[in-house]
Protein chains: 2
Amino acid sequence: MPDSDHAIAATFAPHDHQQCAHRALDEAAARLTEQGARLTPVRRRTLEILLESHRAMGAYEVLDRLAAEGFGRQPPVAYRALEFLVTHGLAHRLQRLNAFAACLHPGHDHHPAFLICRSCDKVAEAAAAPIRDALTAVAAQGGFRVERATIEALGLCATCAAEGVA
Amino acid sequence: MPDSDHAIAATFAPHDHQQCAHRALDEAAARLTEQGARLTPVRRRTLEILLESHRAMGAYEVLDRLAAEGFGRQPPVAYRALEFLVTHGLAHRLQRLNAFAACLHPGHDHHPAFLICRSCDKVAEAAAAPIRDALTAVAAQGGFRVERATIEALGLCATCAAEGVA
DNA sequence: GCGATGGCGTTACTTTATTACATTCAGGTT
DNA sequence: AACCTGAATGTAATAAAGTAACGCCATCGC
């Protein structure tokens with residue numbers, strides 16, 4: 001991810017989340033104008049909601065929030081906004097959870113591996129390149145060409161482990 | 001995987017499927033008696049249905065088949081049988097597809113990586129060890145302990161590629 | 001201003017999955 | 001054989017996740 005090993009720990013450890021979320025939102029806005037895509041109110045708000053925590057949220061959880069704030073209350077409202085964000089690399093979909101999480105490093109590796117803590121539920125993005133390389137190599141031996149990889153790990157983060165969670 | 005690089009290609013290439021399915025069923029039965037678990041009619045039939053192809057099947061697709069053969073026609077019938085098979089390592093769940101596939105190598109690596117061909121829809125199991133190692137290493141740098149990994153690749157198999165599928 | 005496009009909202013529906021509870025069946029005990 | 005017990009099976013009902021189809025309105029290029 002952006003710089004180093006710190007990215008993972010930074011997600012799980014306590015940190016200035018206001019700033020963390022704000023930075024991601026700014027980067028997102030920058031990337032979109034660059035691409036000529038529009039960050040409309042629903043989309044912006046959806047991203048903000050995802051950015052409030054490092055957890056993954058279900059589409060209906062997001063929808064409830066949007067509806068409470070005066071946006072539409074039908075599923076497509078949430079799904080469309082989420083799909084937009086995913087398409088533009090501003091959010092990720094977690095297959096294991098049927099849920100979505102804001103991307104914290106837009107513009108870097110757009111198909112990271114995900115580390116999901118089973119205790120605090122937070123989700124971190126990890127550099128997928130070495131993992132994908134291993135996968136690609138194994139597949140190639142069988143003549144299979146990998147186009148998209150889903151890599152999601154469930155486990156325990158350092159912060160929860162330090163707090164004594166088994 | 002059982003032996004080698006051949007396992008992947010063998011899944012996608014034409015082969016004696018009767019024998020392939022039969023062998024998997026035998027191995028499954030053997031493993032279950034060993035574990036003291038019961039391969040009841042619904043469970044056995046569910047496994048056979050999955051083994052008929054190398055595709056992943058949705059729970060409702062399996063359910064339709066079971067219902068047509070005189071078993072119950074309510075979702076729990078299929079979900080319970082499938083869950084049993086997954087628990088005992090005789091089938092796998094594919095997160096990306098919300099579907100299930102028979103395990104072709106029961107007793108070997110119970111958490112393989114999956115290679116899903118987007119053209120023929122078949123699913124092969126690949127050795128996950130090297131991939132999981134890479135994932136574990138990346139995660140460990142961030143203090144994260146991986147407990148379970150989901151590794152699923154979408155792409156094109158050798159057979160489809162040879163047939164000119166782009 | 002005017003049409004084309006994209007975004008948003010709605011209704012309606014499909015697909016996937018679970019909860020809760022009644023019934024049946026295999027196995028061991030008396 | 002009668003009896004108990006726990007696992008397995010079946011049902012109805014419902015929840016959760018996701019999609020299709022359509023109309024309205026705003027924005028943008030002309």
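Note on naming: letters A, B, ... go to the chains in the order of the sequence lines (proteins, then strands), and numbering restarts at 1 for each one.
Look at CG on A:Leu63: it is 13 Å from P on D:dA16, rounded to the nearest Å. As a whole-Å value, the separation of B:Leu66 CG from D:dT11 P is 12 Å. Counting to the nearest Å, the C1' atom of D:dT19 and the CG atom of A:Leu82 are 14 Å from each other. Atom CZ in B:Arg44 sits roughly 17 Å away from atom P in D:dA8 (whole-Å rounding). Atom P of nucleotide D:dA17 and atom CG of A:Leu94 are separated by 13 Å, given to the nearest angstrom. Between the C1' atom of D:dG18 and the CD atom of A:Gln95 lies a distance of 13 Å, rounded to the nearest Å. Per the geometry, CG belonging to B:Leu32 stands 14 Å off C1' belonging to D:dA8, to the nearest Å. The separation between B:His88 atom NE2 and D:dA8 atom C1' is 13 Å, rounded to whole Å.
Extent of DNA chain C lying under 4.0 Å from chain B heavy atoms, first and last nucleotide in 5' to 3' order, is C:dT16 to C:dA26.
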Take A:Leu154 and B:Val146 through the test side chain to side chain contact (heavy atoms under 4.5 Å, CB included) and record every step on the way to the result.
-> CA-CA 6 Å; A:Leu154 203 64; B:Val146 174; over 6 Å; no
Side chain to side chain contact (heavy atoms under 4.5 Å, CB included) evaluation trace for B:Phe100 with B:Val86 = CA-CA 9 Å; B:Phe100 301 82; B:Val86 170; 4.0 Å; yes
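At a threshold of 4.0 angstrom between heavy atoms, the contacts of B:Arg45 with the nucleic acid are absent.
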Show each protein N/O and nucleotides 20-27 of chain D N/O combination with a separation under 3.5 Å, one pair to a line.
none

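Sequence order on DNA chain C of the closest nucleotides to A:Val42 and B:Arg93 puts A:Val42 first from the 5' end. When each of A:Ala99 and B:Phe84 is assigned the nucleotide of DNA chain D bearing its nearest heavy atom, the one mapping closer to the 5' terminus is B:Phe84.
Distances shorter than 4.0 Å separate none of the side-chain N or O atoms of B:Arg73 from OP1 or OP2 on D:dT11. An OP1 or OP2 oxygen of D:dA12 is reached within less than 4.0 angstrom by a side-chain nitrogen or oxygen of B:Gln74.
The main-chain N or O of A:Ala113 is never found under 3.5 Å from a side-chain atom of A:Glu152 such that the two would form a donor-acceptor pair. In this structure a side-chain-to-backbone donor-acceptor pair under 3.5 Å is present from A:Arg132 to A:His111. The backbone N or O of B:Gly155 lies less than 3.5 Å from no partner atom in the side chain of A:Arg148, so there is not a single donor-acceptor pair. Judged purely by atom type and a 3.5 angstrom limit, A:Arg43 uses its side chain to pair as donor or acceptor with the backbone of A:Arg38.
Using a 4.5 Å heavy-atom threshold, the side chains of A:Gln95 and B:Thr150 count as separate.
In terms of polar N and O atoms assigned as donor or acceptor, the side chain of A:Tyr60 comes within less than 3.5 Å of the base of D:dA17 in a complementary pairing.
The ring-ring contact (aromatic ring centres under 6.0 Å, His included) pairs that include a residue from residues 43-86 of chain B are B:His15-B:His54, B:His17-B:His54, B:Phe84-B:His88, where partners are two or more places apart or lie in different chains.
Between B:Phe114 and B:His92, the distance separating the two ring centers is shorter than 6.0 angstrom.
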